[in-house]
Amino acid sequence: MVTLYQNKVIDQLRDVLKKKQHMVSVTIKMEQIDPLAFFAAGETLFYGQRFYWSDCLYERTFVGLGHAHVIKSEEKTKKRFREVEREWKQIVEGAFIEGQGPLMFGGFSFDPLKQSDEHWSEFPSAQFVVPTFLLTKQRDETWLTVNVVHESLGQLEEMIDSLFHIRGESEWHRADVVEKEEVARDRWIRAVHHATDLIQSGMIEKVVLARELFLSFSHRIDRSYVLRALREQQPMSYIFAFENGSTCFIGASPEQLVRKNGHMCETACLAGSIRRGHTIKEDEELGRWLLQDDKNRREHAFVVNMIEQAMNEVCMEVVVPSEPTLLKMRHIQHLYTPVQAKAKEGISIFSLVERLHPTPALGGFPKEKAVQTIREIEPLDRGWYAAPIGWVDANGNGEFAVAIRSALLGDNEAHLFAGCGIVAHSDPHSEYEETNVKFKPMLLALEGGRG
Ligand SMILES: C=C(O[C@H]1C=CC=C(C(=O)O)[C@@H]1O)C(=O)O
Ligand SMILES: [Mg+2]
């Protein structure tokens, strides 16, 4: 489908690779290609080394195939954010760039101190990849960036050859669910009781507790099929997939953690939830109820206060609306307060991520105590669920979402995660129902049907 461009890219790369820089990054403009078809096309050669990202306004889509370079940290403290930043700067400084330059995509685990479950073994406390091939779609324009390090020059022609000869429509397959299991349901309900006790005794003010669903399937799950379903079914969401070896972390999150473009920063407070109505009238009534409900307003206020304070420490002109509005997704509506600010000199996107993660929408308040409580009483390993996932470019601009409404896919199985904010008067059974609504986007994409 892209044969026309093949020789151009190879010639350009041959030329610039003579310059002996550690990495060479060449970008060319392309004809329109469906990013999901590009992701699917990479299956044979790059299975286990692909990623997909599109932002909630569908302004930018990135698809990465292959690993030109991997940045990984097993660091269990906040140093992990700085380690990734340092290595990324070194790569960019040592690169020969023609065009937009390289970009890295990846994320962090929620809590590196939590005892790790086997199924998360391929997702360390931080990992980012610079893809060999990056497809960028921005509005109506498409580019292909090829990133090469000297060592892999030998395989490059073969890779370009096979990639550039991919053509035709991809086929998508849906695997059937053969088993569905709620993981530790009773322990989760007990954990919610425990949390409300801790809150009432004044130990902590808010804590977010997550649940897990386990699904097994008749065949290997087709990740391209799941991505396409999420893309179609969840407009206004960040759609992401990050493959690492045999597992793939995937989701459709409505929650932005931070976006940075030059000095301009955006973040959002999202907490407080109710389902969508069956009719417009019921939907509006539920929305009005949510805007006035004490428990939900408390859940939301912790997030606004914390984010406002964190942004004020490192930014100027922090703008926070005084009242939340509603953000309506396909299955759920949330209280939503968008925040804008201007980063002070020297403040990087990594320092913003480090400061913001986890907000009280995912951890609780106060932050350290909440994370420790989750570590102790939540009956699962969150892995990368509820943690930052996103991209950073060569200029230090980028965007991270909070990886909720997500699942970890193995070959024939999926672990789904959903959580809810517990405050003083939370009722365990309505919180349980709230998490059921939050499982819906991933369930619908995996199971098919109407939902
Ligand atoms: C933790 C999740 O949602 C958070 C984001 C929005 C609303 C939330 C709530 O109302 O509880 C949660 O704080 C999740 O979807 O797994
Ligand atoms: Mg809630």
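Worth knowing before you read on, the calculation uses all heavy atoms, side chains too, and leaves out hydrogens, waters and symmetry mates. One-based numbering, in listed order, for ligands and for the atoms of each. Remember, it's a predicted structure, so these values are computed and weren't measured experimentally.
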Would you call Arg275 and Glu282 a salt bridge, using N to O less than 4.0 angstrom?
-> yes

Shortest protein contact, atom 15 (O) of ligand 1 (heavy atom only) = Arg405 NE, 2.6 Å

Using distance alone, decide if ligand 1 has a nitrogen or oxygen within less than 3.5 Å of any nitrogen or oxygen in Gly272.
-> yes

Look at Arg60 together with Asp55 and state whether they make a salt bridge at an N to O cut-off of under 4.0 Å.
-> no

Find out whether the Lys NZ or Arg CZ of Arg185 is both under 6.0 angstrom from the six-membered ring centre of Tyr432 and within 45° of the ring's axis.
-> yes

Atom 6 (C) of ligand 1 [closest protein heavy-atom partner, distance rounded to 0.1 Å] | Leu270 O, 3.5 Å

Among protein heavy atoms, which lies nearest atom 9 (C) of ligand 1, and at what distance?
-> Lys438 NZ, 3.0 Å

Ile221 versus Asp411: any side-chain heavy-atom pair under 4.5 Å?
-> no

Quick one: look up the protein heavy atom nearest atom 10 (O) of ligand 1 and list residue, atom name and how far away it is.
-> Ser273 OG, 2.5 Å

Atom 5 (C) of ligand 1: which protein heavy atom is closest, and how many Å away?
-> Glu255 OE1, 3.4 Å

Should Glu434 be counted as touching ligand 1, given the test is an N or O pair under 3.5 Å?
-> yes

His334 neighbourhood, listing ligand 1 atoms whose heavy-atom distance to it stays under 4.0 Å | 6 (C), 7 (C)

Among all protein non-hydrogen atoms, which one is nearest to atom 13 (O) of ligand 1, and what is the separation to 0.1 Å?
-> Ala361 O, 2.6 Å

Looking at residues at least two apart in the chain, or sitting in another chain, which of them share a side chain to side chain contact (heavy atoms under 4.5 Å, CB included) with His193?
-> Ile189, Pro428

Among all protein heavy atoms, pick the one closest to atom 2 (C) of ligand 1 and tell me residue, atom and distance.
-> Gly419 O, 3.4 Å

Run the salt-bridge test on Glu285 and Lys281 with the 4.0 Å N-O cut-off and return the result as yes or no.
-> yes

Interatomic spacing from CG in Leu65 to CZ in Phe133 - rounded to 0.5 Å = 7.5 Å

Any side-chain donor near an acceptor of the partner, Glu122 and Ser246, under 3.5 Å = yes

Polar protein atoms near the Mg ion (ligand 2) [N, O or S; cut-off under 2.8 Å] | Glu299 OE1, Glu434 OE2

Does NZ or CZ of Arg220 come closer than 6.0 Å to the centre of the six-membered ring of Tyr47, within 45° of the ring's axis?
-> yes

Tell me whether the guanidinium CZ or amine NZ of Arg86 lies under 6.0 angstrom from the six-membered ring centre of Phe81 and within 45° of its axis.
-> no

Selection from Tyr385, Phe417, Phe302 by shortest heavy-atom distance to atom 14 (C) of ligand 1 | Tyr385

